[in-house]
Amino acid sequence: MPMEKTFDAAEAEARISAKWEADGAFRAGANASKDETFCIMIPPPNVTGSLHVGHAFNNTIQDILIRWKRMQGYDTLWQPGQDHAGIATQLVVERQMAAAGLPKRVDMGRPAFLEKVWEWKEESGGTIVNQLKRLGASCDWERNAFTMDEGFHDAVIKVFVEMYNKGQIYRGKRLVNWDPHFETAISDLEVENIEVAGHMWHFKYPLAGGETYEYMERDEDGNVTLRETRDYISIATTRPETMLGDGAVAVHPSDERYAPIIGKLCEIPVGPKAQRRLIPIITDEYPDKNFGSGAVKITGAHDFNDYQVAKRNNIPMYSLMDTRGAMRADGRPYAEEAATAQAIANGTEDFDEAKIAAMNLVPEEYRGLDRFEARKKVIADITYEGLAVTKLVKSIDVETNSEHLQLVPFVEDKPVMQPFGDRSKVVIEPMLTDQWFVDTAKIVEPALDAVRQGRTKIMPESGEKVYFHWLENIEPWCISRQLWWGHQIPVWYGLDLSYDGKLEDEEDLDEVDILGLLLSDGMLQRGTVQHCAASFEDVQNGFFDNNADIPNPLSHARIVEVADKHAAIETLAASLAEYNVNQDPTHLVYPVWRDPDVLDTWFSSGLWPIGTLGWPNNTLELQKYFPTNVLVTGQDILFFWVARMMMMQLAVVGQEPFDTVYLHQLVRDEKGEKMSKTRGNVIDPLVIVDEYGADALRFTMAQMASLGGVLKLSEERIKGYRNFTTKLWNACRFAEMNGVWEGHATSQPPQAEARVNRWIISEAAKTRAEVDAALEAYRFNDAANALYAFVWGKVCDWYVEFAKPLFDGDQADETRKTMAWVLDQCMIMLHPIMPFITEELWATTGTRAKPMVHTDWPTYGEELIDADAMREMNWVTGLIDDIRSARAQMHVPAGLKVNLLLVGLDDTAKAAFAANEALIFRLARIESATEAAEVPKGAITVAAEGATFAIPLEGLIDVAEEKARLTKSMEKLAKDMGGLRGRLNNPKFVESAKPEVVEETREKLALGDEEIAKIQAALTRLGEIS
RNA sequence: GGGCGGUUAGCUCAGCGGUAGAGCACUACGUUGACAUCGUAGUGGCCACUGGUUCGAUCCCAGUACCGCCCA
């Protein structure tokens, strides 16, 4: 059955995919002919994800590499998988439950909810896998991994326990990005900073005790421009509601305006007058003298910069909000809290973290208000009291036409960068909370050294600078999330019963002890003890040890797990009460509860390389494929994922996870803008695949992938590469029509005699070297372009045309063989980029030992390159180009076959012409060729190396036009030769330049001069016609 | 404000010491033994600017301008 006119991608892709899968073509080690391995870990997409152009690009690059290496006979593994995407998944499932009218998460309870999540995962978690398959991604799908799989889960927990035991993980109160919608800490990555229209309010903080000072402003020359007596310090803020938690006012140490009041106290101008807090005026490098008033309020618990200032200066940080971003309503009455805070500010009372955390400095009338409501009220209250900074505004009364000067609050409208949760879309609140951290400073050095010492290479190199910059300034990594879906932190807490020696173990538990424990303050006020282990069973010993010092039989109480601290207190109380009555020690229990938080998804995906290979078991795969070879990922997650994988793998197994990191940019639209639903410029890769085929999309991706390049995807381009697939298809169809494939099996390069055949074989060899070099260097664009230039520019444009006359001649057989081989090479070398069409052509065109996906990648090189053939065919194609060009410019009808005169051919030219006469005749539309002593009058002249050709067209050509044509090309040549001659005449050039450069320049000049002479002769000849 | 990039043909981008390339677009012609998802020919560039290094700079260095991205 003859081939169709075009490749039907839609029909073929599904069929070919199914075949690959059925054959296990992508299994680890498939087609391996050497021991050397090549392994890529897929950057795990979210299990909730669906394929976007970023995935399409990222996975195309990986697939190109893995297919190329697989064909080369490496033992390859492309490990696929998904991560559990804590927040995203929880959100999706909660939404779905709401839509289905199911109870809310909190009402349902943790175990039931997690069951729902798993149900969802089983049903919908495979979406992206199927989409990746449509792209042709040749992952070992049977090994598909998931960060919540049992084995992976256990590995994550094991790492946590190990790092905890090494002191690399700790719990602490830190300022974190808090999402008030999801009520969890989130990572920096999950925060989008967006510029929004904001306001800057200016308020007066009165000095304590009505003190005054001389406030002066100066211009650049030091002249006083403003001088007044003030009893306040002016503060600018974009977040007035946080004033309630201010701990200080800071100014720059060099700011002379405020020098007189450093160290004094000022009053926060909000809240009940009687309990206004006084806070110190301190100096710190942070305030910018030129920004606002130069004085900054310091609210350590609600701003990242302030947090640093507060830490440096030991300023208390008062939390003002609850987990939903409303003003706190817990704690003691405001008057009491404010008094304590004042004592702290005065230095008369000590404070520690826990004490400060428990205090609620929100005045009663603000308690429970949403943060944005609170802001409005603070502004209104301060303004009402006259403590807003004001300015004079001129207004004109319309009725009386008289001018009025009016004082209005000074509020600047200014754009501010505001943090938003990327999923919740609510404003993120910096919050002081108890969180778990990885002490990154302790594990960062090996990750830095690995790149510094070249064991891991980041491409493009600019990525290394960014990597160093970030890691050298690394912050502790907050790894706890207040979610349910994820790896629950393997730490259990128990009540600290050995507190302050009240319970002595010298005697057994008596009634006094029990009452002491049960009294309201007894257990609640006590701290907790914590232990970390992989399971509840494993953690119990730790608690036994803690309890060793407390009285019998409590020290031997059975350890039970309860929900939380509250339940623990109740359980212990009940147990003690029961014991007090029946004195039966066998019923005594010591309750512990597990930390409810889960780990940041990045913590688990940080273990992706070893986790997917079966660590901590020393699996065959782990031994074989780890460390892996390349990680292909987006620049945007260099810190969040790549750097963390480096740190984690080095911390856990002491090896770099990969030797090369290939970073790429975000895929944008054709104008370079980010794709977004609101902009409406989103390109759906699957729609593209439907319309143009996966191969066209993939080729486009490869072609865009210059190192460090901006990725601008345009549909026009994709269309262009779809055309390229058609071109290849039709070249093969042409071959089919000419019997090229008859009896063809995958072959060795044919022993060809004809220069044309030797030439195209040489071109194939050259291309193979170029493609390999490009892929070795991760220059996918170079590989794609080299293939495009070879397949279209050499094979289709020239070789297929050359073959047409040869099929009728003596060399028809070798030409058929050569064409079959050359087209095979096109298919093979294109396969990593365009797997579908090449697999289809492979099956259609000959008898094949193996499917394309497992066909051996060529290794031929220099031995196939015939320099003489290349030179000769370049001369031939150049001659044909020149004749065609001259004909077109002289308006010789395309259909008109003409006679060609050969003038003064040297031996080389003569031989070249004779050997390729048929091709030249056909492509340049020549009827006949005759030798002539000279160019006759009224002919078109074409100068070539070692020859002059002429087409006699007396009476047909426009002499003036031919003169103009020749003059133009001569002028261009003369200009170029002028440059070359200038260089050669410069003695310094001849002295300093490399000898081969000088030689090359001489040759170019000689050839150019020769051509000029020929054109000159032609012009002279033309001049004789009149 | 700090860091990292970019500025080359109308557009999208390669090239990064030896005097400029591709694809697309554009113009003209064209049913030449596969392909109109095509063919042939053609137009198009002070390689952002200013200095420096060099025999020689689009390429290396310094500065300027503008444009991105990341982090504050």
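A gap of 31 Å separates the P atoms of B/U43 and B/C60, to the nearest Å. Nucleotides B/A48 and B/U40 have their C1' atoms positioned 37 Å apart, rounded to a whole Å. Nucleotides B/U27 and B/C66 are separated by 37 Å at their P atoms, to the nearest Å. The separation of B/A20 from B/C13, taken at their C1' atoms, amounts to 14 Å, rounded to a whole angstrom. B/A62 and B/G3: their P atoms are spaced 14 Å apart (whole Å). Between B/A57 and B/C46, the two C1' atoms lie 14 Å apart (nearest whole Å). With P as the reference atom, B/U37 and B/G42 are 24 Å apart, rounded to whole Å. Rounded to whole Å, the separation between the P atoms of B/C59 and B/A9 comes to 15 Å.
B/G44 is unpaired under the criterion used here, namely a Watson-Crick or G-U wobble arrangement in which both key atom distances are under 3.5 Å. Base-pair partner of B/A14: not found among the strands shown (Watson-Crick or G-U wobble, both distances under 3.5 Å). Shown here, B/G56 forms no base pair; nothing in the strands shown gives a Watson-Crick or G-U wobble contact with both key distances under 3.5 Å. Remark: B/G30 base-pairs with B/C38. Criterion, Watson-Crick or G-U wobble with two distances under 3.5 Å. The partner of B/G68 is B/C4, judged by Watson-Crick or G-U wobble contacts that both fall below 3.5 Å. Across every strand in view, B/G63 sits in a pair with B/C49 that passes the Watson-Crick or G-U test at under 3.5 angstrom. Pair check for B/A9 finds none; no Watson-Crick or G-U wobble contact set falls under 3.5 Å.
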Quick one: do A/Arg174 and A/Cys478 satisfy side chain to side chain contact (heavy atoms under 4.5 Å, CB included)? Show the steps, please. CA-CA 9 Å; A/Arg174 289 295 134 85; A/Cys478 175; over 6 Å; no

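Crowding of A/Asn473 atom CG: a count of heavy atoms from other residues, nucleotides or ligands under 6.0 Å exceeding 12.
Note: A/Phe780 and A/Phe57 fail the aromatic proximity criterion, with ring centroids not under 6.0 Å apart. In summary, the aromatic rings of A/Tyr788 and A/Tyr721 are positioned with their centroids under 6.0 Å apart.
Donor-acceptor pairing under 3.5 Å is lacking for the side chains of A/Glu763 and A/Tyr799. A/Thr725 and A/Asp695 share no donor-acceptor pair across their side chains, judged by distance under 3.5 Å alone. A/Arg733 and A/Asn730 share a side-chain donor-acceptor pair at under 3.5 Å. A/Lys297 and A/Thr299 are linked by a side-chain donor-acceptor pair at a separation below 3.5 angstrom, with hydrogens and angles left out of the test. No donor-acceptor contact under 3.5 angstrom links the side chains of A/Thr967 and A/Glu971, judged on distance only. At a cut-off of 3.5 Å, with distance as the only test, a side-chain donor of A/His302 or A/Glu429 sits close to an acceptor on the other residue.
Taking atom CD on A/Gln635 and atom C1' on B/G6, their separation rounds to 12 Å, with Å as the unit. As rounded to whole Å, 15 Å separates atom P of B/G56 from atom CG of A/Leu984. When the C1' atom of B/U32 is taken as reference, atom CZ of A/Phe734 falls 13 Å away, rounded to whole Å. Spacing between atom NZ of A/Lys988 and atom P of B/U54 amounts to 9 Å, rounded to whole angstrom units. Per the geometry, OH belonging to A/Tyr467 stands 26 Å off P belonging to B/C69, to the nearest Å. Whole-Å rounding puts the A/Ile688 CD1 to B/U37 P distance at 18 Å. Per the geometry, CD1 belonging to A/Ile474 stands 20 Å off P belonging to B/G3, to the nearest Å. Residue A/Met704 contributes atom CE, which lies 11 Å from atom C1' of B/U12 at whole-angstrom precision.
Considering only side-chain atoms of A/Asn986, the nucleotide from B/A72, B/C55, B/U43 that sits closest is B/C55. Side-chain proximity of A/Val466 to the nucleotides B/C4, B/A34, B/U32 is greatest for B/C4. Comparing B/A34, B/G42, B/A36 by their nearest atom to the side chain of A/Arg733 picks out B/A34. Across B/C4, B/A72, B/C35, the shortest atom-to-atom separation from the side chain of A/Ser462 is found for B/C4.
Across all strands shown, A/Glu801 has heavy atoms under 4.0 Å from base atoms, whether or not it also approaches the sugar-phosphate. In this structure, A/Asp808 reaches the bases: a heavy-atom distance under 4.0 Å links it to at least one base atom across the strands shown. Within the 4.0 angstrom heavy-atom criterion, no nucleotide atom of any strand lies near A/Lys719. Using a 4.0 Å heavy-atom criterion, one finds that A/Lys727 contacts the bases of the nucleic acid, with or without backbone contacts as well. Among the protein residues, A/Cys732 comes within range of no part of the nucleic acid, since none of its heavy atoms lies under 4.0 Å from any strand. Within 4.0 Å (heavy atoms only), A/Asn305 reaches sugar-phosphate atoms of the nucleic acid but no base atom. Within 4.0 Å (heavy atoms only), A/Ala894 reaches no atom of the nucleic acid at all. Across all strands, A/Arg722 comes closer than 4.0 Å to base atoms (heavy-atom distances). In this structure, A/Lys972 reaches neither bases nor backbone, as no heavy-atom distance under 4.0 Å exists between it and the strands shown.
Under a 3.5 Å cut-off, the side chain of A/Arg884 and the backbone N or O of A/Arg925 do not form any donor-acceptor pair.
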Heteroatom pairs (N/O) under 3.5 angstrom, protein to nucleotides 15-22 of chain B:
unit_1: B/G15; atom_1: OP1; unit_2: A/Arg779; atom_2: NH2; d: 2.6
unit_1: B/U19; atom_1: OP2; unit_2: A/Lys1004; atom_2: NZ; d: 3.0
unit_1: B/U19; atom_1: O4; unit_2: A/Arg983; atom_2: NE; d: 2.8

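Phosphate contact (OP1/OP2 of B/G39, side-chain N/O of A/Trp792, threshold under 4.0 Å): present. Applying the 4.0 Å criterion to OP1 and OP2 of B/C38, one finds that A/Asn723 has a side-chain N or O inside that range. Between A/Ser885 and B/G42 there is a side-chain polar atom (N or O) within less than 4.0 angstrom of OP1 or OP2.
Comparing A/Trp798 and A/His469, the nucleotide of RNA chain B nearest to each residue sits closer to the 5' end for A/His469.
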